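First comes the structure, then the notes that go with it.
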There are 2 protein chains.
Amino acid sequence: MGSARSAVETKRQGGRRTSESSGDGRQRILDEAARRFLESGYAETSLRDVASGAGMKAGSLYYHFESKEALLIAILERGMIYMVDAFEAAARRLHNDGGPGDGQPPSGPDHDPVTAFRCLTDHVAAHLRALHGNRAYTAAHVTLFRTAPESVRRAVVPLRDDYERQWTELLASLLPSRDRKEISMLRLALFGAMNASVEWLDAGRGNIDEFAALVADQFWYGVADQRSAAGHDHRGQ
Amino acid sequence: MGSARSAVETKRQGGRRTSESSGDGRQRILDEAARRFLESGYAETSLRDVASGAGMKAGSLYYHFESKEALLIAILERGMIYMVDAFEAAARRLHNDGGPGDGQPPSGPDHDPVTAFRCLTDHVAAHLRALHGNRAYTAAHVTLFRTAPESVRRAVVPLRDDYERQWTELLASLLPSRDRKEISMLRLALFGAMNASVEWLDAGRGNIDEFAALVADQFWYGVADQRSAAGHDHRGQ
DNA sequence: CTTCTTGCCTAACAAACGTTAGGTAGGCAC
DNA sequence: GTGCCTACCTAACGTTTGTTAGGCAAGAAG
């Protein structure tokens with residue numbers, strides 16, 4: 001697993017470097033389309049807009065992508081790859097820092113509360129950083145997936161399922177006393193809280209980590225605990 | 001305040017009851033448009049689809065609405081009215097049940113933890129019930145507002161601000177030790193968790209209240225508290 | 001030099017879109 | 001009866017859309 005080129009993203013890679021702005025043409029199309037899809041929506045963005053933003057004409061897009069839907073699929077796939085990579089990187093970091101235990105990412109119920117909270121915090125931060133660090137691609141899943149053409153959804157849903165499964169298993173390992181149904185509802189609530197930030201958190205840096213810390217703290221300890229407001233003395237660092 | 005007809009919703013109300021399905025024509029248009037906008041998006045839904053679903057032809061829509069944008073505005077306004085009404089009804093119920101204190105909804109920091117949690121729980125349930133009870137209209141704010149034409153957003157944003165302000169003040173009164181910035185971030189996180197349910201909670205009844213209880217409990221006490229999983233003995237009833 | 005491939009452009013297509021003008025059937029007022 | 005208003009329909013308008021076919025310049029390969 002990792003960031004291998006996907007099925008829809010196969011094609012050439014040898015190219016020229018003639019004129020125009022940054023990156024090769026295919027990359028410029030993806031960036032521009034992702035940006036405009038996120039800002040205005042899929043159907044309300046025309047391929048002529050995308051093309052002109054990428055410094056070309058509408059017909060030229062079809063050299064790189066066979067249809068508008070394929071373009072959206074490529075964006076969504078790339079976005080999910082960013083998220084999965086970030087999750088796995090966070091899991092690796094925790095595994096290396098943590099005890100010299102077995103070879104798997106946190107799977108057993110053998111977590112003391114401090115380690116468990118640290119694990120949650122790191123993964124929340126990783127999710128939010130990946131989400132906003134590649135916002136145009138990743139946020140497409142939040143805003144475009146639900147109303148995307150069915151062929152698009154079918155193409156991307158396996159990747160999404162993988163990511164959601166990783167999170168579900170993480171939460172299940174952190175909350176061994178909860179049953180499966182509660183775990184999945186809690187995951188959906190946490191995803192909702194985190195992903196909604198694409199609609200209001202448009203800063204660059206700083207606020208993201210602040211929000212990540214707040215969400216993790218609130219999710220784990222709740223808001224009623226006065227220690228959270230006063231001293232943060234329950235934090236594991 | 002309440003459910004008065006809005007500026008965009010002004011027009012006749014005397015009519016006939018000739019043929020076709022349920023409700024008068026204007027109502028059928030609103031229902032059909034809200035349903036299709038939510039399911040497929042604003043731009044991807046054509047007025048011909050809406051009209052045929054409402055049992056008429058496309059041109060006839062313009063007898064009731066002056067444009068497609070005005071139709072969306074009417075839907076969004078109605079959705080926000082549902083939410084505001086539900087919030088105010090919940091506040092009234094709490095005020096009547098609670099102590100015979102002053103005449104305002106919870107405004108002072110004089111909440112014992114049990115009363116505060118009860119207040120949060122009721123408002124979360126009211127929000128989620130209103131959200132799913134009139135899903136086509138209310139969920140439009142979750143899925144359509146961000147990418148809607150700017151004239152639409154301008155027309156609806158005051159109503160949204162009102163509702164968000166009510167929630168912010170509620171949370172501020174429940175969490176007197178938090179500063180303004182934390183309050184507003186917590187509100188955004190809570191809204192994210194609740195509103196994301198329009199994308200996965202499509203049952204009719206039952207699960208909604210279950211999810212409401214889970215979200216309120218998690219938001220207030222967090223997930224780490226083992227009492228939540230085991231005995232629920234901290235719950236105020 | 002020629003040939004091939006890569007990466008774009010031009011011009012056009014059919015379809016679908018929001019919107020409008022003009023018409024019409026039926027109920028109500030008088 | 002006549003006239004008016006309501007609630008639709010028909011037919012068309014101009015524009016925009018995704019998409020395609022054919023062409024063309026430039027570097028690489030022989």
Side-chain angles (χ1 to χ4, degrees), chain A residues 9-33 36-37 40-75 144 147-152, chain B residues 9-33 36-37 40-75 144 147-152:
Chain A
E9 286 206 52
T10 54
K11 269 203 175 172
R12 100 231 67 265
Q13 64 232 36
R16 292 177 296 168
R17 194 73 353 110
T18 44
S19 59
E20 302 298 347
S21 57
S22 66
D24 65 344
R26 184 190 160 86
Q27 184 60 48
R28 290 193 329 260
I29 295 171
L30 280 170
D31 287 345
E32 186 69 21
R36 291 190 118 103
F37 286 172
S40 315
Y42 174 70
E44 30 265 284
T45 300
S46 78
L47 291 182
R48 284 169 176 83
D49 291 340
V50 172
S52 96
M56 39 175 96
K57 295 305 174 64
S60 310
L61 300 183
Y62 285 81
Y63 177 73
H64 297 282
F65 299 94
E66 66 173 4
S67 69
K68 194 187 184 187
E69 292 191 2
L71 177 54
L72 178 57
I73 291 177
I75 290 170
L144 303 179
T147 57
E150 214 227 313
S151 69
V152 174
Chain B
E9 288 207 52
T10 52
K11 270 202 172 174
R12 101 231 64 269
Q13 63 233 37
R16 292 176 296 168
R17 196 70 357 108
T18 43
S19 58
E20 304 298 347
S21 56
S22 66
D24 66 345
R26 184 190 160 85
Q27 184 61 48
R28 284 184 344 251
I29 296 172
L30 281 170
D31 287 346
E32 187 69 21
R36 292 189 118 102
F37 286 172
S40 314
Y42 175 70
E44 30 267 282
T45 300
S46 78
L47 290 182
R48 285 169 175 83
D49 291 340
V50 172
S52 96
M56 41 175 93
K57 297 304 174 66
S60 309
L61 301 183
Y62 286 81
Y63 177 73
H64 297 282
F65 299 94
E66 66 174 5
S67 68
K68 194 187 183 186
E69 293 191 2
L71 178 53
L72 178 57
I73 291 178
I75 290 170
L144 302 179
T147 57
E150 215 227 312
S151 70
V152 173

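Predicted, not measured: the structure shown is a model, and the values here were computed from it. Labels below follow one simple rule: chain letters A, B, ... track the order of the sequence lines, proteins then strands, and each chain is numbered from 1.
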Atom-pair distance ([atom1] on [X]; [atom2] on [N]), nearest Å:
X     : N      : atom1 : atom2 : result
A/E69 : D/dG18 : CD    : P     : 11 Å
A/Y62 : C/dT6  : OH    : C1'   : 20 Å
A/K57 : D/dG18 : NZ    : P     : 16 Å
A/F65 : D/dT20 : CZ    : C1'   : 18 Å
A/Q27 : C/dC8  : CD    : P     : 13 Å
A/M56 : D/dA25 : CE    : C1'   : 16 Å
A/R28 : C/dG7  : CZ    : P     : 11 Å
B/E66 : C/dA21 : CD    : C1'   : 17 Å

I need the minimum non-hydrogen distance between [X] and [Y], along with the two atoms involved.
X      : Y      : result
B/P149 : B/E69  : CB-OE2, 3.4 Å
B/Y42  : B/L144 : N-CD2, 3.8 Å
B/F65  : B/A74  : CE2-CB, 3.9 Å
A/T147 : B/E44  : O-OE1, 4.1 Å

Only distances under 3.5 Å count here; give the side-chain donor-acceptor pairs of residues 45-55 of chain B to other protein atoms, sequence neighbours excluded, each with its distance to 0.1 Å.
from	atom 1	to	atom 2	distance (Å)
B/T45	OG1	B/R36	O	3.3
B/T45	OG1	B/G41	O	2.7
B/S46	OG	B/R48	N	3.4
B/S46	OG	B/D49	N	3.1
B/S46	OG	B/D49	OD2	3.3
B/S52	OG	B/D49	O	3.4

Task: From B/M56 atom CE to B/E32 atom CD, the distance as rounded to the nearest 0.5 Å - done: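 That separation rounds to 10.5 Å.
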TODO: Kindly say if A/Y63 contacts the phosphate of C/dG7, meaning a side-chain N or O under 4.0 Å from OP1 or OP2.
DONE: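 Affirmative; the distance criterion is met.
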Open item on the list: If the cut-off is 4.0 Å, is A/H64 near the phosphate of C/dC8, judged by side-chain N/O to OP1 or OP2?
Closed with: yes
Distances for protein N or O near nucleotides 11-17 of chain C N or O, under 3.5 Å:
from	atom 1	to	atom 2	distance (Å)
C/dA12	N6	A/R48	NH2	3.4

